[in-house]
Amino acid sequence: MSVNDPEEDVVVTLLSNKDFKDWVLNPSGDRDFYWQNWIKSNPDKLPALNKARELALQLKFNEDHLTPQEVDQLLGDIISEKTSTRAGKAVSLQRHSYTRWIKIAASLLLVLSSSVYLYRYVATAFKAEVAVKKVQTRKGQRLRIDLPDGSVAFLNAGSTLTFPEAFSDTLRSVALTGEAFFEVVKNPEKPFVVKTADIQTRVLGTSFNVRSFESDSATAVSLVTGKVRVAPEHPSSKKQEYVLAAGERLVYRQTDHTFEKATFEIADITGWKDGVLVFSDTDFAATIQRLEQWYGVEITVQHPPSKDWHVNGHFENEPLSEVLASIQFVYDIKYTIKDSNVVLTCN
Amino acid sequence: MENHSYHREVNIFLSARKEETERAADKASDLELWSAFRQGDEAAFVDIYKTYVNKLYNYGTKFCSDRELVKDCLQDFFIYLRKNRETLGDTTSIKFYLFKAFRRRVVDYIKAQETEQKKNQLADIFQLQIEVSDEVKFIDRQLHEQQLLRLNNAIAALTEKEREAIFYYFYEGLSYQDIAKILNFTHIASARRLIYRSLSNIKDMLIILSCLVAPGLLAFLR
């Protein structure tokens, strides 16, 4: 293979053609049409094209990442405006190479700025903490949160709500993992947006429930009053947006990225915020998960049931033993409760 | 083997279609997200931070192998953005905006460091290493690793601008226009020439590499 081999030049020419490179890495309809035709009219260049194509697909550059802990730690430092020590040093070191006079001025400046920094740090420590607020519930814990605009969020067990201490002028944006019920104060000029991992719900003033647990593999928005718009967090093929009316519920399934609209029983979906544990045709696995989350217990199943369960019932502020006793009334189970550990055996 | 390559083709096709449509939506959503951030929306800031912090970190490590220094630069960079949000300009590409601004900052820090070290060991700025994707590695591992070493030597012999351009072009998928802007070229043609020149300089190595991956290619085309 000589250096002057024209095939090599064709490979280089093709690789430096951005449209070719993009076609190889992201073949879209239009580009595909163009390049298929190009191949037809340049059949002699096919070997070179294949080489160029394979190369573009195989080239992989080494990568370096921060760990998730580093990402969070860094964000914390940024929000509390902690200026990094090293980078500051780099600048001050540069000054040392100047004249002596400047050297003295620089060290004076350094002392001055570090005391200003200390003062500022103390002053902003509180301000920074209120900039973004994160409320987290443990298993078995439910909270009512008053949002800065007067809206109210009820946070179910094992959930997290993140929101700014003061909303911006144009948007009221909160982020949720888990489940929450929102009663939103009406303000048409400032839409209220709930972001979850895969969808966002936009409202003007209304009350609704959002459920998006990682373990669920589905996100559900249930509207009690008013009107909301739901859109995918990452818009895909076509622009998808759903408008819900009161009493309607939209379920987004992560497995196949589909949306399904249905009606719902208000008490079934929102009962939790008033301390009512609701089962509605709930199967065995979901029942166990519900109980663990609601009561903050660990349930060990020694023997799963031979036939699946369909549990129904509303339990208002009942202890776990009551609920298990009710289930025992219908299904043949044995259980022991010791602190936050439950052992369950089904027959 | 045939089955495997069929899947691969389908996957490439699907991911490509997704990216295409996303890119169209990106411009509008970037504009919206960026202006929300500039108006003080903290959730928007966190969104931007989470999306780009690792990309910028990876980018920074190409200029400087000192992890901690890159982290420090990132920290100061985001603090600066957050503090001066009202004075920042509009952008339809947050990624490009951040890359350009971050590059200036990293290069300044490194220059400051070099002055201190009296340039006694002038670090080769912008490091780039090529790896080969896992599925190829098993074809002829030993031979392949030798060639890979030679390719990486060829890349190391490029000028730092050439290496940097290759990174933007293949890895970050930037347009010639954006590459020209980041490298402060007046003409887009300069960016195009730069890429062509870099590829020509490593073409011998590229061709040898492409012969080695040919078995994979045959299965792919069948």
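The chains referred to below are lettered A, B, ... by the order of the sequence lines, with proteins before strands, and numbering in each begins at 1. Since the model is a prediction, treat every value here as computed from it, not as a measurement.
- Contact of B/Leu174 with chain A is made through the backbone alone, with heavy-atom distances under 4.5 Å.
- Comparing A/Leu74, A/Asp72, A/Thr13 by how many heavy-atom pairs each has under 4.5 Å with chain B, the most go to A/Leu74.
- Below 30°, between 30° and 60°, or above 60°: for B/Phe63 and B/Tyr59 the angle between ring planes is above 60°, a perpendicular geometry.
- In this structure, no portion of B/Lys55 lies under 4.5 Å from any heavy atom of chain A.
- When every heavy atom of A/Lys195 is checked against every heavy atom of B/Asp47, the shortest pair comes out as NZ-OD2, 3.4 Å.
- One finds the CD atom of B/Gln75 at 6.0 Å from the CD1 atom of A/Ile78 (value rounded to the nearest 0.5 Å).
- Heavy atoms of B/Ser35 lying under 4.5 Å from chain A are absent altogether.
- Remark: A/Arg53 is not positioned above the aromatic ring of A/Phe20, lacking an NZ or CZ atom under 6.0 angstrom from the ring centre and at most 45 degrees off the axis.
- Neither the backbone nor the side chain of B/Arg105 comes within less than 4.5 Å of any heavy atom of chain A.
- Using a 4.5 Å cut-off between heavy atoms, B/Tyr49 touches chain A through its side chain atoms alone.
- Within a 6.0 Å radius of OH in B/Tyr80, other residues, nucleotides and ligands contribute 12 heavy atoms or fewer.
- Between A/Phe259 and A/Tyr242, the ring-plane angle classifies as tilted under the 30° and 60° cut-offs.
- Of the listed residues B/Ile195, B/Thr61, B/Val46, the one with more heavy-atom pairs under 4.5 angstrom with chain A than any other is B/Thr61.
- Contacts with chain A were tallied for B/Tyr176, B/Tyr196, B/Tyr169; B/Tyr169 has the most, counting heavy-atom pairs under 4.5 Å.
- Heavy-atom minimum distance, B/Phe37 versus B/Leu81: CZ-O, 3.5 Å.
- Interface summary for chain B: among A/Asn17, A/Val71, A/Val174, A/Leu171, the most heavy-atom pairs under 4.5 angstrom belong to A/Val71.
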